[in-house]
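The structure under discussion is supplied below as structure tokens; questions concerning it will follow.
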Protein chains: 4
Amino acid sequence: MSQTGSRKAASQDRRAAILQAMLELIAERGFHDTPMSMVSQRSGASAGIIYHYFDNKEELIHSLYTEVKIDYTRALMQDHPENLPPAQAFRQIWLKGYQYHREHPQETLFMEQFENAPYFEKHPQVPETEEALSRMLALFSTPEGKFKDLPLEVLWEMSLGVASRVARQEHLSGSLGLDAQKLDLMALACWQAVSEQPSAQS
Amino acid sequence: MSQTGSRKAASQDRRAAILQAMLELIAERGFHDTPMSMVSQRSGASAGIIYHYFDNKEELIHSLYTEVKIDYTRALMQDHPENLPPAQAFRQIWLKGYQYHREHPQETLFMEQFENAPYFEKHPQVPETEEALSRMLALFSTPEGKFKDLPLEVLWEMSLGVASRVARQEHLSGSLGLDAQKLDLMALACWQAVSEQPSAQS
Amino acid sequence: MSQTGSRKAASQDRRAAILQAMLELIAERGFHDTPMSMVSQRSGASAGIIYHYFDNKEELIHSLYTEVKIDYTRALMQDHPENLPPAQAFRQIWLKGYQYHREHPQETLFMEQFENAPYFEKHPQVPETEEALSRMLALFSTPEGKFKDLPLEVLWEMSLGVASRVARQEHLSGSLGLDAQKLDLMALACWQAVSEQPSAQS
Amino acid sequence: MSQTGSRKAASQDRRAAILQAMLELIAERGFHDTPMSMVSQRSGASAGIIYHYFDNKEELIHSLYTEVKIDYTRALMQDHPENLPPAQAFRQIWLKGYQYHREHPQETLFMEQFENAPYFEKHPQVPETEEALSRMLALFSTPEGKFKDLPLEVLWEMSLGVASRVARQEHLSGSLGLDAQKLDLMALACWQAVSEQPSAQS
DNA sequence: AATGAATGAGCCTTCATTCAT
DNA sequence: CATGAATGAAGGCTCATTCAT
């Protein structure tokens, strides 16, 4: 059984290596400039065996997306502070999102590409993400701090979407000079955008 | 001269037809799932003649990007209101941006894809866009209304970037139920994000 | 008539320009890397009009070959010395051949390529060449100086063939350091090869 | 190991079949009238697999040239007689050269074409050929028999160059009626051309 | 006669996927 | 399970030739 165990482990390693290779290559070159032969080479797996783990290239990419999305969601929710005023909670989550994207540029580029690719059938919802999202939302439906009355998608774009895109731009074009103070200002700006402001209308 | 003129006109028509076909197809299928043969078919031009108008596929796409970008910029600046309070000016521009994206989903999808494609060398700056951008910026460096002290790229993502991405999502996933009131709220939210707020609570 | 004459002259000029362009381009790039469009460009003739002068690319090349071959033959026979001892006559002709090839590298490269191209149907004999050849031969069937009893083609390769190939090599690889003395030695060597030697067997 | 061996053998066979097909086709039709699809068909290999063995068409042709050149060189040096008077040694080598070209018309046509093709960058020296050439030269720098004081390229054209071109002509235009006696006479003629003659008449 | 835009067959090459070993 | 040679359908692009103007 220990043998079976190690075989299984080796198998999981190989699967992971393939996913990792695909992730790196897509970030570097894009979907279509990433031939399976290159994934094979980079991952150390033979061309044939990849089709043992994944039905085809498309399915491999969908699997990768699911894994990355879960990883990202976990990062967002990790060490989640309980009992914090909404503004603070938002700030922390926003900063964690930004940090994730900065520390995982490949994942960021990949998600961006994937979500922009019209030839990929709509990816099924990732349950982990859905659940985390609703947990997050609950934090911001309190008397002390509410979101504006806008669709969830819009709120997302105004907050974590901005974090993602700014982090991606920083990665691609070098630094934008965002120090801790500027990051705080950005988190605040997003909070001002999504939250009900005391005396809004200028 | 009328003969030369009509020949020129026909030639321009064909060029435009090719660009249009490429635009539609990229929006529908993406760069790499758009073979030149399909562009040829859709545009009614023969496969060979495309290379009379464009050096190669890549150059065709770059040309398309330039044209679309200019078109978009024009839309943003059209009927530009002089002597408006910054908050109002911002609101108008934001709404025009949003409107453009809603009315030009293909252009929107295309720009998004193009700007996300790692295999496209940096496209040369489009002068029209640069100029419009600086004209816009001038509107928001007044005592009555200033932008937050954040890089231009960040401000863009928090404002017109949001308009683009929300419009794109609406196009892809059907309506998000954004009526005029919600759009106003969104424009305001973006303004709150990018502008210096009177008493920013911590 | 003067108009007709000048029209005819212009027409001939154009024809010549086309042939010249093709000659240059083939020498520089070879048959197959010489598109008709390039011939059109270099010659200043439109793509369409070329087919007014020549049936197709192949016929154009055959016409060029005929012209070049006649030109070459004329050069060989020009100022032909009468009443010279065979050895002297041979030397003069050989040197004229060599000189032609040095002064006309494009023609030389073209003839070489043409005669080596398996896809060109056998070119019909050029009468001018045939006639010149037999006039030349007559010079070397005298008691004082005879050719060896070998087929004409062999004698050709041992004499003017060598001149052609050496001149071509010099052109391609820069100088081989062939001064007047060496050229004389080469002419002599060829004469020794083709002529009956007094006491041959070493 | 026998398995690996046979796989290797099969692989070598296929490589050889591709080279052979290319050789035949170039001899029949020339480089540019030999599409890869035809090489694929003639060799029995699929179109794609050719690129497993060779980077591209050009590299395939260069590889072919190297192989043919080595083969030719081997033929020239095979059973090389030691301690023969230079005139005899020359005669033997010349005849072997001629014989090779007669027995290998495809190789002959191919080499001729290759060496005449302006679009092929200079092929890297083939070491085997270089070495054989210098071994040959040594035979003809003795008191009893010397070459004329002419560049090596010239001597080559006057000797083995002639053998090649005559053999090629015989192949293309049928027999020139060259029996053993005539061949001996040709070998002698070439020797007379390249060697210092006792009393060279002017 | 002259132009040059247009055609479309064909070329070289790539690559997702399969399958004999 | 694993390998990697093999397949063959495209894909981007070229170019000899035609034809509307």
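Just so it is clear: chains get the letters A, B, ... in the order the sequence lines come, proteins before strands, and each one is counted from 1.
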Kindly say whether the aromatic ring centers of B/His104 and B/Tyr72 come within a distance under 6.0 Å. no
Mind checking if B/Thr34 touches a base, just sugar-phosphate, or nothing, with heavy atoms under 4.0 Å? sugar-phosphate
Using the P atom in both, what is the distance from E/dA1 to F/dT21, to the nearest Å? 22 Å
Would you write out the dot-bracket form of DNA chain E, 5' to 3', with Watson-Crick and G-U pairs under 3.5 Å, [ ] for crossing pairs, | for pairs to other strands and . for unpaired bases? .||||||||||||||||||||
Could you go through residues 18-26 of chain B and list every donor-acceptor pair under 3.5 Å that involves a side-chain atom there, pairing it with any protein atom two or more places apart or in another chain?
unit_1, atom_1, unit_2, atom_2, d
B/Gln20, NE2, B/Glu24, OE2, 2.9
B/Glu24, OE1, B/Arg42, NH1, 2.6

Strictly by modelled atom types, are B/Ser63 and B/Glu67 linked by a side-chain donor-acceptor pair under 3.5 Å? no
Just checking D/Arg15: base, sugar-phosphate only, or nothing, at a heavy-atom cut-off of under 4.0 Å? nothing
Please compare C/Asp33 and B/Met36 by the position of their nearest nucleotide in DNA chain F and report the one closer to 5'. B/Met36
Upstream residue (5' side of DNA chain E) when B/Ser46 and C/Arg14 are each assigned their closest nucleotide: C/Arg14
Is a salt bridge present between B/Lys69 and B/Glu115, judged by a nitrogen-to-oxygen distance below 4.0 Å? yes
Step through the shown structure and confirm whether more than 12 heavy atoms of other residues, nucleotides or ligands are within 6.0 Å of CD on B/Glu59. yes
Less than 4.5 Å apart, any side-chain heavy atom of D/Met36 and any of D/Phe54? no
Select from B/Gly44 and A/Phe31 the residue whose nearest nucleotide in DNA chain E is closer to the 5' end of that strand. B/Gly44
Mind calculating the distance between CD1 (C/Ile49) and P (F/dA16) to the nearest angstrom? 18 Å
If the plane angle is over 60° it's perpendicular, under 30° parallel, otherwise tilted; pick one for B/His123 and B/Tyr65. perpendicular
Which residues in residues 51-65 of chain C have at least one heavy atom lying under 4.0 Å from any atom of DNA chain E? C/His52, C/Tyr53
Rounded interatomic separation in angstrom, taking CD from D/Gln41 and C1' from F/dG8: 13 Å
Donor-acceptor pair, side chain of A/Lys122 and main chain of B/Ser173, under 3.5 angstrom: no
